[in-house]
Amino acid sequence: MRRLLLTLPLLCMPLIAAGQTLPGDPLGKPLLAQQPQTLLKTGQQQPMQGSLLVQSESGTTADVQNNSSGLLSLNPLAGGAVDSSTVQYGVTPNVSAQAGVTQRSWATQPRIISSEVGATYNAGRYSLGVSVAQDQVPNATPLPRVLPGAVPGVNGLPDFDSATQVNARGRFALNGNSGVLLGASMGRIRLLPGNQLGLTTLDQKALSFGIEHGSVSTSIVGRTMQPEPGTTVPGMLNTDRHWNSIDLGVTWHLPWQGSLSFGAQNLWSSGNAANTPAGPPEPDQSRTPYVQYHQDL
């Protein structure tokens, strides 16, 4: 019994060491929690080699609108909710693999389910990630809608069905409080049968640039869409027709677990959403300023 009592402190030494902090650490965080940031979610921790890290988040569509990784253009005034879950696995000290599922839901629009699989290389001050993502509307239907204009659509397309894209994201830390984010995406958007454009597939490219400084983050996202060659209906739209837009958003994360977001969707755009003699309405690219407040309870 005496020998057992003497060995108990030795067995507890790893637990005691895990709770120690470095002298002069202003935040007083445990050493195990001080991991470099990853790309998949801004501020998310890098898992240790051979370990799993599971995170769940909830927010609003404005948070996605102001996030440079959210390259789908969603109407921020729809007041939707976003729920996401992410699993990361530390392959090496600097490389992690991740998989995530996100659900966006609105009161006047079918929900969108997004899945993403990728990998991230994190060198501390800078990181780079690549991923493959898919977005789809479960049980989508092209039936007429009762309330005209109630469905905000995706990328200005009310007949959105699904999308697949390849993403690349990078982050460079200027210091411990600021960073620059870059993103690029190439993909394909599929529309519901019988849509007004008379198209089945659109090609999309997007570039994003963001800056983080303390509790404030800002992002600018540029997109271009054009019909996939060979998918246009004769007499409807020209194969060379394309639509461009730029979104700008700012988010201020408040000290009381709240956030204030403002910006403008389609701050600059090309194209015309009105009926034209040449064919049906084009994707909606009207300028939409917004201000949203979100509070975590």
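Positions are given from 1, in the same order as the sequence printed here.
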Query raised in the report: If you measure from CG on Leu248 to CH2 on Trp268, what distance do you get to the nearest 0.5 Å?
Result: 14.5 Å
Query raised in the report: When rounded to the nearest 0.5 angstrom, what is the spacing between CG in Asn244 and CZ in Arg223?
Result: 11.5 Å
Requested in this report: Could you state whether Phe172 and Tyr121 fall into the same hydrophobic cluster, counting links through intermediate Ile, Leu, Val, Met, Phe, Trp or Tyr residues with side-chain heavy atoms under 4.5 angstrom apart?
Outcome: yes
Report task. Starting at CD of Glu212, measure out to OG of Ser219 and round the result to the nearest 0.5 Å. Result -> 10.0 Å
Query raised in the report: When hydrophobic residues are tied together by side-chain contacts of less than 4.5 Å, even through go-betweens, does Tyr126 share a cluster with Leu174?
Result: yes
Query raised in the report: Does one side chain, of Tyr293 or Gln295, offer a donor that lies under 3.5 Å from an acceptor on the other?
Result: yes
Query raised in the report: Rounded to the nearest 0.5 Å, how far apart are NE2 of His213 and OG1 of Thr218?
Result: 13.0 Å
Report summary line: In short, Val117 meets Ala99 closest at the heavy-atom pair CG2-CB, 4.3 Å
Query raised in the report: Please walk me through it: do Phe209 and Leu182 pass side chain to side chain contact (heavy atoms under 4.5 Å, CB included)?
Result: CA-CA 5 Å; Phe209 174 78; Leu182 299 173; 3.3 Å; yes
Query raised in the report: Is it true that the side chains of Gln98 and Thr86 contain a donor and an acceptor less than 3.5 Å apart?
Result: no
Query raised in the report: Between CG of Leu191 and OG1 of Thr200, what distance do you get to the nearest 0.5 Å?
Result: 7.5 Å
Requested in this report: Could you give me the CA-CA distance, side-chain angles and deciding distance for Thr201 and Ile189, then say whether side chain to side chain contact (heavy atoms under 4.5 Å, CB included) is met?
Outcome: CA-CA 6 Å; Thr201 309; Ile189 299 174; over 6 Å; no
Query raised in the report: Is the closest side-chain donor-acceptor distance between Gln165 and Ser185 under 3.5 Å?
Result: no
Report task. Step by step, work out the side chain to side chain contact (heavy atoms under 4.5 Å, CB included) result for Ile220 and Ile246. Result -> CA-CA 7 Å; Ile220 181 171; Ile246 293 179; 3.7 Å; yes
Query raised in the report: Does a donor on one side chain and an acceptor on the other come within less than 3.5 Å for Arg188 and Thr164?
Result: no
Report task. Apply side chain to side chain donor-acceptor pair (under 3.5 Å) to the pair Ser162 and Arg190, showing each step before the final yes or no. Result -> CA-CA 5 Å; Ser162 61; Arg190 285 168 288 277; 3.0 Å; yes
Query raised in the report: Distance from Tyr89 atom OH to Gln49 atom CD, nearest 0.5 Å?
Result: 7.5 Å
